[in-house]
Amino acid sequence: MVTPDNLRHLALLLPETQEGDDHGKPAFLVGKKIFCTLSEEAAVVRLAAEDQHNLLEDGVIEAIPGYWGRKGWTRVHLPAADEARVKTLPRLAWDGVAPKRIPRP
């Protein structure tokens, strides 16, 4: 099972990532852009449209309803999520917002 602490660790391994706050929830930023937020039971990551479409899993990984989901924001219900799949999400989200000047891991 993936926990918020597991995702926090994975996010902070990415170059120039900082932990901040987004409306009282832990948020992970590169530059000034958020790519992931955490709560007790879920993570929200910003994915490219193609990645979001390919990773959707009924009830486990789902697009946020409305505008935010169309912009790539995707909710992951951590207790039910496949660990191998979830471990790729912070990197995919980071890659979508990180400035090009930062070397990719």
State plainly whether one hydrophobic cluster holds both I34 and I102, where clusters connect Ile, Leu, Val, Met, Phe, Trp and Tyr through side-chain heavy atoms under 4.5 angstrom apart.
no
Would you list the atom pairs, donor with acceptor, under 3.5 Å between side chains in residues 17-30 and any protein atom, with sequence neighbours excluded?
from: T17; atom 1: OG1; to: A11; atom 2: O; distance (Å): 3.4
from: T17; atom 1: OG1; to: L14; atom 2: O; distance (Å): 3.1
from: E19; atom 1: OE1; to: R8; atom 2: NE; distance (Å): 3.2
from: E19; atom 1: OE2; to: R8; atom 2: NE; distance (Å): 3.2
from: E19; atom 1: OE2; to: R8; atom 2: NH2; distance (Å): 3.1
from: D21; atom 1: OD1; to: G24; atom 2: N; distance (Å): 3.4
from: D21; atom 1: OD2; to: G24; atom 2: N; distance (Å): 3.1

Would you say the side-chain atoms of N6 pair up with the backbone N or O of T3, donor to acceptor, closer than 3.5 Å?
yes
Could you give me the CA-CA distance, side-chain angles and deciding distance for R85 and I61, then say whether side-chain contact (heavy atoms from CB on, under 4.5 Å) is met?
CA-CA 10 Å; R85 181 177 286 186; I61 300 175; 3.5 Å; yes
Show me the donor-acceptor pairs, under 3.5 Å and distance only, between side chains in residues 65-81 and residues at least two apart or in other chains.
from: T74; atom 1: OG1; to: Q52; atom 2: NE2; distance (Å): 2.9
from: T74; atom 1: OG1; to: G72; atom 2: O; distance (Å): 2.8
from: H77; atom 1: NE2; to: E62; atom 2: OE2; distance (Å): 2.9

side-chain hydrogen bond (donor to acceptor under 3.5 Å, both in side chains): pairs with one or both residues in residues 27-50, sequence neighbours excluded:
none
Side-chain heavy atoms under 4.5 angstrom apart, residues restricted to Ile, Leu, Val, Met, Phe, Trp, Tyr: same cluster for V2 and L89?
yes
Would you say L7 and V45 make side-chain contact, with heavy atoms under 4.5 Å?
no
L56, I64: one ILVMFWY side-chain cluster at the under-4.5 Å cut-off?
no
Test item: C36 and W94 side chains (from C-beta on) under 4.5 Å apart, heavy atoms
no
Return the minimal non-hydrogen interatomic distance between A93 and L47, and the atom names on each side.
N-CD2, 4.1 Å
